[in-house]
Each structure stands twice: as C-alpha cells, then as structure tokens.
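Below is one structure, written out as structure tokens, with a few remarks after it.
This one's a predicted model, so the numbers in the text were calculated from it and none came from an experiment. Letters A, B, ... are given to chains in the order of the sequence lines, protein chains preceding strands, and every chain is numbered from 1.
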Amino acid sequence: MSEFITDKKRTHYCGKINISDTGKEVILMGWAHRRRDHGGVIFIDLRDREGIVQVVFNPHISPDAHREAHRIRNEFVLAVVGTVQRRPEGMENPAMESGEIEVMAHELEIMNEAKTPPFVLDDASADISENIRLKYRYLDLRRPEMQKNLLLRSKVAAAARQFFENNGFVEVETPFLTKSTPEGARDYLVPSRLSRGTFYALPQSPQLFKQLLMVSGFDRYYQIVRCFRDEDLRADRQPEFTQIDMEMSFVSENDIIQLTEGLLSYLFKTCLHRELEIPFTRLSHGDAINRYGKDNPDIRFGLELRDLTDILKTTDFKLFQEVIARGGIVKAIKIEDNKQLSRKDLDDLKDYVAEYGAKGLAWARLRTGPDEWTSPIFKFLKPLEVQHINERTAAKEGDLIVFVADSEGIVHNALGNLRLHLANKLNLIDREQFAFTWVTEFPLFAYSETEKRYVSMHHPFTSPVAEDIPLIATDPGKVRARAYDIVLNGTEIGGGSIRIHQPDIQAMIFDALGLAEEDVRLKFGFLLDALEYGAPPHGGIAFGFDRLVMMMAGVESIRDVIAFPKTQKMACLLTEAPSEVSIEQLLELSLKIVT
RNA sequence: GGGGUCGUAGUUAAGAUGGUUAUAACGCCGGCCUGUCACGCCGGAGGACGUGGGUUCAAGUCCCAUCGGCCCCGCCA
C-alpha cells in the first residue's frame with residue numbers, strides 16, 4: 001500500500017451506511033467484530049459505535065488487501081477503503097441494519113492488533129459473569145448493547161440540559177468538598193491536610209447549596225451532578241450516582257409537578273420517540289400504602305391490597321383475633337390465577353413473606369358452592385365473615401385469596417412485595433409500558449424505633465402544610481409535608497418538596513427532630529442565617545438520573561448504564577480501588593489506621 | 001450486621017452415592033474452502049476445579065475457614 005489510510009479522513013460510521021450510499025467510496029475505521037474466511041473471499045464484520053457493516057475482501061478486486069486480510073483476528077483495529085455496493089440477489093441479511101449492502105474493500109490497513117479478548121464481544125453471548133465484565137470493562141463497553149445504553153444516557157442528559165435552558169434555568173456547580181451534616185445517609189469523608197483532624201464530606205445531594213442559590217436570587221437552578229452516599233448497594237443503587245437536580249423560587253407544588261411532567265415528556269419524546277400521557281396520576285401517600293403496601297407503587301397491574309380488619313373485628317379465629325387486639329391489621333390480595341399456583345407454590349409464598357417479617361401467610365381458594373373455601377382457615381371463620389371477605393375482595397370461583405395478619409408495617413411490607421412477586425410469577429406486567437405516578441401528601445416525620453425519636457421522612461428542610469404547623473409540637477406524626485415523589489413502574493425516580501423559607505419554622509422542625517440547638521447551629525447555622533436575609537419561597541425536585549436511564553434503556557441493573565460502576569462490596573474491579581496508601585500519605589493527613 | 005445463591009479450560013456450563021486419564025459447547029491455533037453472516041468441514045492445543053486447612057487409602061465431590069460475583073433484609077433524610 002502506497003500510503004497510510006490513516007492520513008485520510010474517515011467518511012462514514014459503519015452503522016450509518018445504507019442503500020442510499022450505493023456506489024460511494026467510503027473510508028471506515030473500526031474493530032473486526034467477526035471474520036468469515038472462505039479461502040477465497042473473506043468477510044469481515046466491521047464494528048464501530050454506530051453499528052456493523054460487512055466488508056468483503058475479494059482476491060480478484062484487490063489482491064493486496066485480500067492478502068493482508070488473512071491476518072485479521074477479532075478486535076483488530078482496521079481502516080478500510082472500499083466501495084458501497086448492493087449485495088448480490090438473495091444475499092441480503094435482514095437481521096442486520098446494513099444488511100442490504102456491503103463494502104467491497106480496495107485497501108486495508110491494520111492499525112493495531114489485539115489479543116484474543118477474554119470473552120466474545122457479542123450481545124448474543126452476553127451472559128458473561130459480571131466480575132469478568134467489570135474487570136475488562138473497556139471491552140465490555142465495546143458491546144453494542146452497552147454502547148447503546150451509554151449513548152442513550154448522553155442523549156438524555158443533553159435533552160435535559162436543553163429543556164432547562166429553554167425554560168430559563170441556570171446551571172450552577174456546587175462543591176464536592178463540603179460539610180458533613182447529620183441526618184440522612186452515611187457520609188464519605190475526605191480528610192483535610194491543612195486543618196489537622198477535620199474532614200470534608202462528599203455531598204449526598206446539593207440540597208443546601210441549591211436553597212442558598214434561591215436565596216441568592218437565581219430563581220431557577222439546575223445541575224446534573226454526582227452525589228455520594230456510603231450505604232449498602234442494590235441492583236438500583238451505587239455509592240456514587242447522578243442526579244438531575246433543580247430548584248425554583250416563587251412556586252408551589254403544582255408548578256414543580258407540571259414542569260417535571262414537561263421535562264419527562266420531553267426526554268421520552270426526544271430520546272425514545274414515545275409520547276407520555278400527562279398529567280400523571282397522583283396518589284396520596286396514604287392511598288399508596290393502603291392499596292399497594294408501598295410508597296413506590298407499581299401501577300401497571302392490579303392485585304391491590306384489601307383491608308379486612310373491620311370484617312374480622314369480632315372473629316373467633318385466634319390468630320387474627322390476637323393480631324387485631326394488639327393493634328395489628330389483616331389484609332388480603334385476591335389472585336385470579338386459574339389454579340396456576342400449587343400447594344408448593346403457596347408454601348414458597350409463605351417463605352417469601354417471611355423475609356419481610358411476616359410470621360405466616362393464610363390462603364383460601366373459592367370453591368363452587370356459595371361462599372365455600374378450600375382453605376386451612378375455613379373452619380375457623382364464621383359464614384358471614386367468609387361472605388364479607390369474598391365481597392370485599394370481589395373473589396369469584398377458582399380465585400385465590402392470600403392473607404397476612406400482623407402489625408401495619410409488616411403487613412404492608414410483606415403484601416406490597418408479595419404483590420410484585422406474584423405479578424412477575426404470573427406474568428401480569430406489561431413490559432412495554434411506562435406507568436408514572438406522583439405520590440403526594442407524605443407525612444413530614446416518621447417515628448424511628450431505632451433512634452427513639454422522630455426523623456424526617458424526606459429531609460429536615462421540607463415545608464409542612466401550613467394548617468398542620470400547630471401539630472408540629474403536639475402531634476408530629478400527623479403533620480403533612482409539602483413533598484412529592486415521582487414513581488415509574490414501581491421505582492422511585494425522583495422526589496422533592498417545597499422548602500421551608502422562614503427561619504422560625506425551620507427551627508421548630510429541628511426542635512421536633514430532637515436536635516440540640518447548639519448542634520443545629522454548628523451543622524446548619526449557615527442555612528438558618530441565610531433564611532434571615534430575605535429567602536424567597538422555593539421548592540424543587542431531584543431525579544435519580546441513572547435510574548431514569550436504566551428504565552428508559554429497559555435494563556435491570558443500574559450498572560448497565562454506568563460506564564465504570566462499583567461492585568456490591570464497593571470495589572472497582574478494573575482499577576482495584578479502594579486500595580492501601582503509603583504511610584507518607586497518611587502522615588501528611590495526620591491519619592493512623594487503627595484496626 | 002444478616003439471609004440466599006454462585007465460583008470447574010479463555011468463556012458458558014456438565015460432573016449421583018468420594019474411586020484411578022475431569023467432559024461438552026463456544027472461543028483459540030493449524031489445514032481446506034469464492035457468498036458467508038453464530039459460515040462449513042478436518043485436525044489440535046488448552047485445567048492451581050477461587051484460596052487455605054481438615055477427614056480419608058483416595059476429595060472437583062464431604063467438613064471448617066476464608067476471598068470474590070450476584071440477589072435480598074436491615075440501611076439508603
């Protein structure tokens with residue numbers, strides 16, 4: 001070859017070539033995805049981030065290129081000059097986006113060779129254990145599926161910025177090295193070198209800063225920002241994650257809710273070409289718990305919880321009787337399962353609810369006779385009770401009713417999760433659907449058994465509903481918050497509130513939380529001070545950006561939309577972080593390892 | 001802090017009751033092949049059975065510990 005192709009410019013992405021390019025000479029650069037050597041003609045599937053195209057090396061067309069093509073192995077980096085041609089009659093590949101055409105190569109340059117990768121970079125063989133994928137993340141990310149996920153992530157972020165800019169929002173960056181505050185999640189700490197024995201904390205969210213920006217008069221703020229929480233991981237939780245954060249002045253709940261609906265429909269329209277139905281449904285927190293057992297209900301299917309406590313108030317059945325006497329409740333889910341669930345399945349359901357603290361699970365199947373059950377508890381119930389339960393659950397012949405009797409918290413937790421479990425098992429979920437719902441009217445406080453005090457349900461800066469303010473001192477559990485969460489398919493993807501802008505109310509809240517005044521001064525003094533200088537009424541919301549993208553991409557794990565995620569033990573398998581540091585580094589920070 | 005599950009070739013997996021040379025598929029290497037597209041055909045190489053200890057004449061298999069991946073409970077304002 002007389003000159004290096006690299007001196008020329010790439011003309012097309014592999015995945016972007018189509019029938020309209022027929023006859024054009026193109027210059028492609030990418031990776032050898034797969035090679036099919038027929039002795040004579042050699043086919044190379046060439047891959048770049050936009051897709052795959054078949055390159056043909058024919059000894060009669062270009063003997064030099066064909067000779068060189070023999071050396072090509074998977075993942076070699078290639079530059080190819082060739083002509084786009086329609087494939088011969090009958091040789092089209094409808095499974096391939098570029099399957100109508102191919103590129104007849106004139107020139108080939110092997111720009112780099114590659115070791116045989118530890119796994120095939122093919123979505124068809126993607127069931128590679130995650131530790132291998134994470135160790136070779138740079139290869140895993142070459143897979144078309146991962147490329148698609150991260151490209152979508154980038155698009156969603158860009159569209160969000162566009163939306164906010166179009167609506168008069170200002171992006172302001174807030175510090176990562178900031179102050180540790182009590183309440184909330186465990187902080188990541190960063191030792192200060194200059195001020196021995198003191199620490200910065202990485203932000204759990206920019207909450208306080210965005211409120212200060214409202215005090216500063218920026219009026220509309222947004223940021224796509226990393227947040228850090230040192231808590232245990234789940235499939236949808238990472239120690240560092242990204243929020244789409246926003247805050248507005250001179251607004252109330254409905255302004256935020258409307259703007260959010262506008263944002264989400266814009267994101268879904270521009271990035272997924274899907275129209276969302278707005279406004280989204282709204283559920284009060286109480287209704288969400290009562291009907292679905294959770295404050296993040298999946299409303300794509302039924303199986304709602306029914307309260308039977310009133311029906312069973314005077315029951316003779318000891319087990320229910322005792323639970324109700326202790327202040328507990330009895331709730332049920334009706335399942336139109338057409339006898340799909342066996343006795344063994346029902347035993348498994350009992351084990352399932354045990355994980356959530358339920359001591360048992362009763363069941364009943366409706367038989368043909370009037371109000372007749374096949375059920376271990378049938379003989380303990382009065383005919384009228386059976387009849388009322390059938391009515392309350394609207395159960396018909398063959399339907400199954402499952403009961404949990406326990407304290408309110410356990411019943412809701414157990415049945416709320418059982419509901420999801422059953423819907424999956426019985427295939428009741430429409431996977432194509434995006435079902436949004438708002439959850440509103442949260443309680444401001446929740447009583448913490450472990451801490452023996454009230455804690456903020458949302459955070460301590462959430463405004464109470466005005467008419468409930470007198471209750472803060474007398475009956476904190478009854479105070480409603482001006483808070484709202486947005487839930488998509490049973491996953492909380494965002495939450496926010498109208499904030500407190502009066503210092504006296506903020507002080508009342510800290511008081512109700514049992515925080516000592518000097519401690520509050522020490523931790524939040526700057527916020528209380530700021531509120532004294534003309535803080536406007538304000539409120540906002542923050543979205544879990546990774547979770548949102550995860551739902552939009554239709555993947556099960558948050559790690560599949562994060563380029564370099566951590567494992568459940570918070571390790572990075574690629575860089576092997578965290579790792580030990582030198583004694584000199586520790587000394588400089590005045591740190592000593594104790595254990 | 002706790003429960004569950006997994007760890008065998010580069011990868012994904014199979015290996016009853018402990019038994020002599022640890023299987024397969026894909027991948028890899030070599031050969032043949034001009035229309036394949038998960039190309040095909042022929043041949044071949046490749047193993048600390050996660051790690052450490054124990055029981056036993058004998059351990060991938062049984063026991064104990066430990067490391068790691070995943071899922072979950074607690075936790076995550």
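Closest approach of A/D295 to A/V487, counting heavy atoms only: O-CG2, 3.9 Å.
Nearest-nucleotide positions on RNA chain B for A/P117 and A/Q85 put A/P117 closer to the 5' end. When each of A/P460 and A/M570 is assigned the nucleotide of RNA chain B with its nearest heavy atom, A/M570 is the one assigned upstream, toward the 5' end.
Residue A/R36 places its side chain closer to B/C37 than to any other of B/C37, B/G69, B/C33. Picking from B/G69, B/C37, B/G10 the nucleotide with the shortest atom distance to the side chain of A/M91 gives B/C37. Side-chain proximity of A/I132 to B/C76, B/U11, B/C33: nearest is B/U11. Closest to the A/S129 side chain, of the nucleotides B/U12, B/C28, B/G69, is B/U12.
Taking side-chain N and O atoms only, A/R234 has no distance below 4.0 Å to OP1 or OP2 of B/G74. For B/G74, one of the phosphate oxygens OP1 or OP2 lies less than 4.0 angstrom from a side-chain nitrogen or oxygen of A/N413. OP1 or OP2 of B/C28 sits under 4.0 Å from a side-chain N or O of A/N74. For A/T116 and B/G10, the shortest distance from a side-chain N or O to OP1 or OP2 is not below 4.0 Å. Between A/R237 and B/G74, a side-chain N or O to OP1/OP2 separation shorter than 4.0 Å is absent. For B/C39, the OP1/OP2 oxygens have a side-chain nitrogen or oxygen of A/R34 closer than 4.0 Å. A sub-4.0 Å separation between OP1 or OP2 of B/C37 and a side-chain N or O of A/R47 is absent.
In this structure, A/F43 packs face-to-face on the six-membered ring of B/U36, meeting both the 5.5 Å centre cutoff and the 30° plane limit.
Within the shown strands, B/U51 is the pairing partner of B/A65 under the Watson-Crick or G-U definition, both distances less than 3.5 Å. Nucleotide B/G40: paired with B/C32 (Watson-Crick or G-U wobble, both distances less than 3.5 Å). Nucleotide B/U17 forms a pair with no other nucleotide shown, judged by Watson-Crick or G-U wobble geometry with both contacts under 3.5 Å. Pair assignment for B/G74: none, as no Watson-Crick or G-U wobble contacts are both less than 3.5 Å.
At a threshold of 4.0 angstrom between heavy atoms, the contacts of A/E355 are confined to the sugar-phosphate backbone, with no base atom among them. Across all strands, A/F461 comes closer than 4.0 Å to no nucleic acid atom at all (heavy-atom distances). Nucleic acid contact class of A/Q54 (heavy atoms, under 4.0 Å, all strands): base.
Atom OH of A/Y200 is surrounded by 12 or fewer heavy atoms from other residues, nucleotides or ligands within 6.0 Å.
Under 3.5 Å, the side chains of A/S62 and A/E107 contain no donor-acceptor pair of N or O atoms. Side-chain N/O atoms of A/T491 and A/N489 include no donor and acceptor closer than 3.5 Å.
Remark: A/R419 qualifies as a cation-pi partner of A/F301 under the 6.0 Å distance and 45° angle criteria applied to the six-membered ring.
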